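Worth saying up front: this structure is predicted, and the values here are computed from it rather than measured.
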Amino acid sequence: QVQLVESGGGLVQAGGSLRLSCAASGLTFSAYGMGWFRQAPGKERESLATINYSGTSTSYADSVKGRFTISRDNAKKTVYLQMNSLKPEDTAVYYCAGTLGRASRPQFGTNTYWGQGTQVTVSS
């Protein structure tokens, strides 16, 4: 059974940092493109970052570019999101997602696995 489990969320002051982890099981992790999303109450789900199956290609939303870094460790079957210079507007539930394929920029459509999310709260 495919499972994605996020961890590392919590409460942090503005300007601080957090590193989120997403541990995968039940899939051939190295064959999946991965991504991070977030959703705040009353807002649409927002794509933050993607990383291809091998970790050689990444993409970022303008809202987090230069502050967040996505990476993966295929041996550990884990994808990470390093978040620096956090702002109150970063407060949201953060989700990881996986989609099968070797696209340089994975597209997370209907054939996507999702984690349950981890709460990130940035205080001012």
Side-chain angles (χ1 to χ4, degrees):
Q1 183 173 335
V2 173
Q3 190 171 18
L4 301 175
V5 180
E6 301 95 337
S7 62
L11 176 64
V12 64
Q13 293 183 347
S17 298
L18 284 173
R19 189 179 75 158
L20 306 183
S21 299
C22 173
S25 61
L27 51 73
T28 304
F29 184 73
S30 60
Y32 281 74
M34 302 296 295
W36 285 97
F37 296 74
R38 69 186 179 192
Q39 189 166 25
K43 293 187 176 181
E44 294 284 317
R45 184 180 62 201
E46 178 186 13
S47 176
L48 302 176
T50 69
I51 187 165
N52 75 334
Y53 72 105
S54 64
T56 58
S57 181
T58 59
S59 68
Y60 297 92
D62 288 342
S63 59
V64 305
K65 192 173 298 181
R67 299 189 298 124
F68 291 11
T69 302
I70 189 171
S71 61
R72 67 190 295 160
D73 185 336
N74 283 352
K76 296 182 178 179
K77 301 181 71 173
T78 301
V79 62
Y80 305 95
L81 186 68
Q82 178 66 46
M83 305 187 295
N84 299 326
S85 301
L86 284 162
K87 306 173 181 179
E89 50 262 48
D90 294 320
T91 296
V93 177
Y94 284 68
Y95 300 90
C96 69
T99 186
L100 180 65
R102 294 183 173 183
S104 59
R105 187 170 183 169
Q107 301 296 309
F108 299 93
T110 56
N111 294 321
T112 300
Y113 293 106
W114 295 92
Q116 293 300 303
T118 185
Q119 177 71 46
V120 171
T121 303
V122 183
S123 64
S124 60

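For the ring-ring contact (aromatic ring centres under 6.0 Å, His included) condition, no pair includes a residue of residues 53-94, sequence neighbours left out. Residue pairs satisfying the ring-ring contact (aromatic ring centres under 6.0 Å, His included) criterion with at least one member in residues 103-124, sequence neighbours excluded, are listed as follows: Phe37-Phe108, Phe37-Trp114.
Scanning both residues, Ala61 and Ser47, for their nearest heavy atoms gives CB-O, 3.3 Å. The two residues Pro106 and Ser104 make their nearest non-hydrogen contact at CD-O, 3.6 Å. Between Ala97 and Thr112, the shortest heavy-atom contact is CB-CG2, 3.7 Å. Minimum heavy-atom separation, Ala92 to Gln39: CB-O, 3.5 Å. The two atoms that bring Ala31 and Leu100 nearest to each other are O-CD1, 3.4 Å, heavy atoms only.
A donor-acceptor pair under 3.5 Å is formed between the side chain of Lys77 and the backbone N or O of Leu27. One N or O on the side chain of Arg72 and one on the backbone of Phe29 form a donor-acceptor pair closer than 3.5 Å. A distance-only check finds a donor-acceptor pair linking the side chain of Thr91 to the backbone of Val122 [under 3.5 Å].
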- Show your reasoning for whether side-chain contact (heavy atoms from CB on, under 4.5 Å) applies to Ser57 and Arg105. CA-CA 7 Å; Ser57 181; Arg105 187 170 183 169; 5.8 Å; no
Q: May I have the step-by-step check of side-chain contact (heavy atoms from CB on, under 4.5 Å) for Ser63 and Arg38, ending in yes or no?
A: CA-CA 12 Å; Ser63 59; Arg38 69 186 179 192; 3.8 Å; yes
Does Leu86 form a side-chain contact (heavy atoms from CB on, under 4.5 Å) with Gln13? I'd like the steps, not just the answer. CA-CA 8 Å; Leu86 284 162; Gln13 293 183 347; over 6 Å; no
Asp90 and Arg67: CA distance, side-chain angles, deciding distance, side-chain contact (heavy atoms from CB on, under 4.5 Å) verdict = CA-CA 11 Å; Asp90 294 320; Arg67 299 189 298 124; 2.8 Å; yes
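A distance of 12.0 Å separates CZ of Arg19 from OG of Ser17, quoted to the nearest 0.5 Å. The distance from the OG1 atom of Thr118 to the CH2 atom of Trp36 is 7.5 Å, given to the nearest 0.5 Å.
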Could you give the side-chain donor-acceptor pairs of residues 1-8 under 3.5 Å, partners two or more places apart or in another chain?
unit_1: Glu6; atom_1: OE1; unit_2: Gln116; atom_2: N; d: 3.0
unit_1: Glu6; atom_1: OE1; unit_2: Gly117; atom_2: N; d: 2.8
unit_1: Glu6; atom_1: OE2; unit_2: Cys96; atom_2: N; d: 2.8
unit_1: Glu6; atom_1: OE2; unit_2: Gly117; atom_2: N; d: 3.3

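At a threshold of 4.5 Å between non-hydrogen side-chain atoms, the residues Leu20 and Val120 count as touching.
For the side-chain contact (heavy atoms from CB on, under 4.5 Å) with Met34, the qualifying choice from Val79, Thr78, Asn52 is Val79, the only one to do so.
Under a 4.0 Å N-O distance rule, the pair Asp62/Lys65 qualifies as a salt bridge.
Linking Ile, Leu, Val, Met, Phe, Trp and Tyr residues whenever their side-chain heavy atoms come within less than 4.5 Å places Leu18 and Ile70 in a single cluster.
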